[in-house]
Amino acid sequence: MPGEKRMHKKTVRDVDVRGKRVLVRVDFNVPLGPGGTIEDDSRIHACTPTITYLVRQQARVIICSHLGRPHGRVDERLRMEPVARRLAEILRRPVISLRETVGPVVEEAINRMHDGDVAVLENLRFSPGEEANDPVFARALARCADLVVNDAFGVSHRTHASIVGIAGFLPCVAGLLMEKEIAALSPLLENPAHPFALVLGGAKAGEKIAILENCIPLVDRVLVGGGAAAPFLAYTGSFPGGSAAFDPEILEKVRAVMEMAGTHGVQVLLPVDVVTAEKPEPGAAYRVVSPGDIPAGHVIADIGPATLAAYISAIRPCRTVAWNGPMGIFEIPAFSAGTKAIAAALAGLHATTIIGGGSTAEAVTQLGLAGEMTHVSTGGGAFLSFLSGKPLTGVTVLADLQGSAAKG
Ligand code: 3PG
C-alpha cells in the first residue's frame, strides 16, 4: 500500500488508560533561537489535546521526544528541560523534567508519579540506540510504561526505537494529533475534490520529484517555484547553462515526471519570470528576469510578478490545494513576495487547503494565516514521505482497530 491512506488504527480513545503509565511519543523538535529560546512552540501546542485527555483520564503521562540531531551524544544545548518548562506553562500544571531517558533513576521517578501527573524524559537522541532502532534501548524505554501513545506524526517516517522498535514490547496506539494528521492528509491521496493543484517550492528538487512521481495521477495541475524550479526550467531549455548545471539523475527524473504529466493530462506550470539574486543573503543585489536571462552564478530567490499572477489564476478555481515549499527565500523580506501572495491566495480560497513542510508551515504561521487553512501539518519529512507514497513506519506499527492487541 503506498503510504497510510486511512486510519484503521486504534487511538488513545480506544484503550483504558486510567492509572496506567502511558509513554507519549511526541515531536517536540522545536526551533531553538539564540540562548536556546523556543522560537515556535506550535508543535507543543499541537500535542496538548492528547496530553490533556490523558491527564483527565487519570493516566500517568510520560512524554518523550527528540530535539535536534545530537546523534547519540549528550548536547547541553539540546536538553528537554526548556521544552518541559514551556509545556508546563501551556498546560498550566506542574511537569516533572527528568535528566535521563531510561534507567533506574527514571524508573524510580516514574514509580513516584500519581495518576494525572506529567513527566518529560530527556532527549531520546542522546542515546545512540534511538536512531539505531536498537531493541535493547527500546526495551529499556518500554520498562517505564504499560502502553505507548504515538502522537509524533512529524517523526513517524523514521524507523527509530521510540517509534518502531518499542512496538515489539508494548501496545502502541495513535494520539489525537496523529489521528488528525492522517484524517486531514488521507483524502489528498484517496479522494481529493477536483480541480486539485499541487504547489511545490523550496530548494530541494529531488524531494519534489518524489512527490510528483506519486501524485501526478491524482492532480490536475502542478505549480513549481523556488530553487526546485531550476532543473524543470533546464528540462524545458529555458535555464542558462541548461542541463550541464544539474545532476543527470535529477534531470532524468524531471524528464520522466514531465512525460508522466503529459500522459495524464496534468498541466505543469513553471516560472515565466524570477527574482534572481547574486547570493541567497539579505542585502544581495537582485532583479526580475525571465528564466533564460538568469546571470551565471545567480540564484532563484523568488518567483516574479508575472509568474505569481499566473499561479494565482491557476489556484483560484481549485477545490483542493496542497502546498509544500516556499516560492523563494521567504526568510529574507526582499524575496518573500511570492510566498506571501500564494499564502494569501490560499487563505481566501473556498477549498481544502493543506500545508506541509517545516518552512512552509512556518511561513503560513508567521503570516498569521495558519487558521485560514484547512490543515497545517506538523510534519516536515513525514509530510513529504506521506505525499511520496512511502509507508510511515510509525503508523504501520500501531495496533489495528479490529485487533485486540492494545485493549486494556
Ligand atoms: C522534523 O523536524 O521534521 C522531525 O522532528 C523529524 O526530525 P529529523 O528529520 O531530525 O528526524
Side-chain angles (χ1 to χ4, degrees), residues 3-4 24-33 36 38-47 50 63-75 77-80 82-84 86-87 101 120-134 137-138 149-166 175 177-178 180-182 184-185 201-204 206-208 210-211 323-326 331 354-366 370 375-388 390-397:
E4 284 291 339
V24 188
R25 182 29 162 129
V26 293
D27 182 357
F28 283 176
N29 187 21
V30 290
L32 299 174
I38 298 171
E39 291 198 318
D40 179 357
D41 60 9
S42 312
R43 281 178 162 178
I44 306 178
H45 279 281
C47 288
T50 299
I63 292 166
C64 63
S65 178
H66 69 287
L67 178 60
R69 292 178 170 166
H71 294 308
R73 294 217 181 102
V74 174
D75 181 334
R77 295 162 301 180
L78 296 175
R79 286 205 176 269
M80 291 300 292
V83 178
R86 177 62 62 89
L87 176 65
T101 318
V120 175
L121 301 183
E122 189 49 277
N123 191 339
L124 289 160
R125 290 190 184 169
F126 284 179
S127 299
E130 167 63 357
E131 287 178 80
N133 194 24
D134 178 357
F137 181 66
V149 171
N150 186 343
D151 217 19
F153 174 77
V155 71
S156 58
H157 58 311
R158 302 280 189 220
T159 305
H160 291 175
S162 64
I163 298 287
V164 174
I166 198 152
L177 172 64
M178 177 70 90
K180 184 176 160 197
E181 289 274 8
I182 302 290
L185 303 185
K204 296 179 189 156
E207 288 175 350
K208 314 304 152 181
I211 293 176
W323 180 19
N324 169 255
E331 54 280 18
I354 307 285
I355 315 299
S359 40
T360 324
E362 217 174 287
V364 167
T365 304
Q366 264 179 39
H375 182 68
V376 179
S377 177
T378 51
F383 182 79
L384 295 175
S385 288
F386 186 93
L387 282 188
S388 305
K390 296 181 189 138
L392 299 178
T393 51
V395 178
T396 306
V397 299

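Residue numbers start at 1 and run along the sequence shown. Start at 1 and go down the list; that is how both ligands and their atoms are numbered.
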Less than 3.5 Å apart, N/O on ligand 1 and N/O on the protein: could you list those pairs with the distances?
{"from": "ligand 1", "atom 1": "2 (O)", "to": "Asn29", "atom 2": "ND2", "distance (Å)": "3.1"}
{"from": "ligand 1", "atom 1": "2 (O)", "to": "Arg43", "atom 2": "NH1", "distance (Å)": "3.0"}
{"from": "ligand 1", "atom 1": "2 (O)", "to": "Arg43", "atom 2": "NH2", "distance (Å)": "3.3"}
{"from": "ligand 1", "atom 1": "5 (O)", "to": "Asp27", "atom 2": "OD1", "distance (Å)": "3.0"}
{"from": "ligand 1", "atom 1": "5 (O)", "to": "Asp27", "atom 2": "OD2", "distance (Å)": "2.9"}
{"from": "ligand 1", "atom 1": "5 (O)", "to": "Asn29", "atom 2": "ND2", "distance (Å)": "3.0"}
{"from": "ligand 1", "atom 1": "5 (O)", "to": "Arg43", "atom 2": "NH1", "distance (Å)": "3.4"}
{"from": "ligand 1", "atom 1": "5 (O)", "to": "His66", "atom 2": "NE2", "distance (Å)": "2.9"}
{"from": "ligand 1", "atom 1": "7 (O)", "to": "His66", "atom 2": "NE2", "distance (Å)": "3.4"}
{"from": "ligand 1", "atom 1": "9 (O)", "to": "Arg69", "atom 2": "NH2", "distance (Å)": "2.7"}
{"from": "ligand 1", "atom 1": "9 (O)", "to": "Arg158", "atom 2": "NH2", "distance (Å)": "2.8"}
{"from": "ligand 1", "atom 1": "10 (O)", "to": "Arg69", "atom 2": "NE", "distance (Å)": "2.7"}
{"from": "ligand 1", "atom 1": "10 (O)", "to": "Arg69", "atom 2": "NH2", "distance (Å)": "3.3"}
{"from": "ligand 1", "atom 1": "10 (O)", "to": "Arg125", "atom 2": "NH1", "distance (Å)": "2.9"}
{"from": "ligand 1", "atom 1": "11 (O)", "to": "Arg125", "atom 2": "NH2", "distance (Å)": "2.8"}
{"from": "ligand 1", "atom 1": "11 (O)", "to": "Arg158", "atom 2": "NE", "distance (Å)": "2.7"}
{"from": "ligand 1", "atom 1": "11 (O)", "to": "Arg158", "atom 2": "NH2", "distance (Å)": "3.3"}

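- Remark: Glu130 pairs with Arg25 by the salt bridge (Lys or Arg N to Asp or Glu O under 4.0 Å) rule, at least two apart or across chains.
- Taking CD from Glu181 and CD1 from Ile354, the interatomic distance works out to 9.0 Å, rounded to the nearest 0.5 Å.
- The shortest side-chain heavy-atom distance between Val155 and Asn29 does not fall under the 4.5 Å cut-off.
- Within the 4.5 Å cutoff, no side-chain heavy atoms of His157 are placed close to those of Ile163.
- Between the CG atom of Leu121 and the SG atom of Cys64 there is a distance of 6.0 Å, given to the nearest 0.5 Å.
- In this structure, Ser127 OG and His71 NE2 are separated by 14.0 Å, a value rounded to the nearest 0.5 Å.
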